[in-house]
Amino acid sequence: MAKRLCCESMGMRKGPWSAEEDHILISHIQTHGHANWRALPKQAGLLRCGKSCRLRWINYLRPDIKGGKFSEEEQDSILKLHQILGNKWSTIAARLPGRTDNEVKNFWNTHLKKRVQNANISNYSYTTLQEAQASDGSSSLASNKDPSIVSCDTNLEQSMGNHGSCQISEEMEFWYNVFIKSG
DNA sequence: AATGTCTTCAACCGCCACCGA
DNA sequence: GTCGGTGGCGGTTGAAGACAT
């Protein structure tokens, strides 16, 4: 595949978005939608690349963005989902209405990661999908095996210094069911 | 008050998957 | 089957603000 230049194209603006640019993007999308991100900036008269427009819209301008601080429940959800899914930020964000993958990723990296690292020695139990599958006894799940989850488990294992008990708690089973069984 | 260090998070980059020609 | 275009994702960066000395 040919290497794309994206924002390196001549004349493209980079860096923080101005209020005016936001306004242009919002009104253009409200009027014309965003069927083609690459063509959008040109149509809207923005000196941004399509990727940048898409990111700005998805993460900050969409009307259904909740914004603000993460509630305790949300934090709890992220922790649990991350145990199961690893760094699948978009999948995790999809389970948190009004939150974006970037938001979740940033929150994890700045807050929860430390929290987990601090707590891991004591009681941050975790499991692997394989173990979950084994405990569930459902053979159909084997086909859903995602290599990324395996690697995430490896990372977790490393980051947690192998302190996890690997026991499947009821809570984990619940979240496992939510994800895997609901597809 | 001035300076250095740390933290946060918006934005960018590179890669990959998917789709149509 | 392959190629190019596009959307989407996760990792990373760097500016700005907060905090410590």
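Note that the structure is a prediction, hence the values are computed from the model and not measured. Reminder, nothing fancy here: chain letters follow the sequence lines and each chain counts from 1.
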Less than 4.0 angstrom between a side-chain N/O of Asn36(A) and OP1 or OP2 of dG5(C), yes or no?
no

Just wondering, more than 12 heavy atoms not from Lys66(A) lying within 6.0 Å of its NZ?
yes

Electrostatic pair Glu21(A)-Arg13(A), nearest N-O below 4.0 angstrom
yes

d(CZ, Arg38(A); P, dG4(C)) in whole Å
14 Å

Examine dA11(B): is either OP1 or OP2 under 4.0 Å from a nitrogen or oxygen in the side chain of Arg48(A)? Give yes or no.
no

Taking CG from Leu55(A) and P from dT13(C), how many angstroms apart are they, rounded to a whole number?
17 Å

Whole-Å distance between dC16(B) P and Lys51(A) NZ?
12 Å

Whole-Å distance, Arg13(A) CZ to dA10(B) P, equals 17 Å

Ignoring backbone atoms, establish whether Lys105(A) has a side-chain N or O less than 4.0 Å from OP1 or OP2 of dC9(C).
no

Taking atom types as they are modelled, would you say the side chain of Asn106(A) forms a donor-acceptor pair with the base of dA10(B) within the 3.5 Å cutoff?
yes

Taking only side-chain nitrogens and oxygens of Trp89(A), does any of them come within less than 4.0 Å of OP1 or OP2 of dG8(C)?
no

Below the 4.0 Å mark, does dG8(C) have OP1 or OP2 next to a side-chain nitrogen or oxygen of Arg54(A)?
yes

Any Asn87(A) side-chain N or O less than 4.0 Å from OP1/OP2 of dG11(C)
yes

Can you confirm whether Gln43(A) is buried at CD, in the sense that more than 12 heavy atoms of other residues, nucleotides or ligands lie under 6.0 Å from that atom?
yes

OP1 or OP2 of dC12(B) sitting under 4.0 Å from any side-chain N/O of Arg56(A)?
no

Check whether any side-chain N or O of Ser90(A) sits under 4.0 Å from OP1 or OP2 of dG8(C), and answer yes or no.
no

Has Trp37(A) got a side-chain N or O lying under 4.0 Å from the OP1 or OP2 atom of dG5(C)?
no

Donor-acceptor pair (no angle test) under 3.5 Å: Asn102(A) side chain, dA11(B) base:
yes

Considering every strand and a 4.0 Å limit on heavy-atom distances, what is the contact class for Ala35(A): base, sugar-phosphate, or nothing?
sugar-phosphate

In whole Å, what is the span from the CG atom of Asn109(A) to the P atom of dC6(B)?
18 Å

Which pair of non-hydrogen atoms, one from Leu40(A) and one from Leu25(A), has the smallest distance, and what is that distance?
CD2-CD1, 3.4 Å

Expressed in angstrom and rounded to an integer, what is the separation of Glu21(A) atom CD from dA11(B) atom C1'?
12 Å

How close do Ile24(A) and Ser27(A) get, counting heavy atoms only, and between which atoms?
O-OG, 3.1 Å

Length of the NZ-P vector between Lys113(A) and dT7(B), whole Å
13 Å

For Phe107(A), which contact category applies under a 4.0 Å heavy-atom criterion: base, sugar-phosphate, or nothing?
nothing

Presence of donor-acceptor pair under 3.5 Å, side chain of Lys88(A) and base of dG10(C):
no

Take atom CG of Leu85(A) and atom P of dC9(C), then tell me their distance rounded to the nearest Å.
14 Å

Parallel, tilted or perpendicular: which one describes the rings of Phe70(A) and Phe107(A), with boundaries at 30° and 60°?
parallel

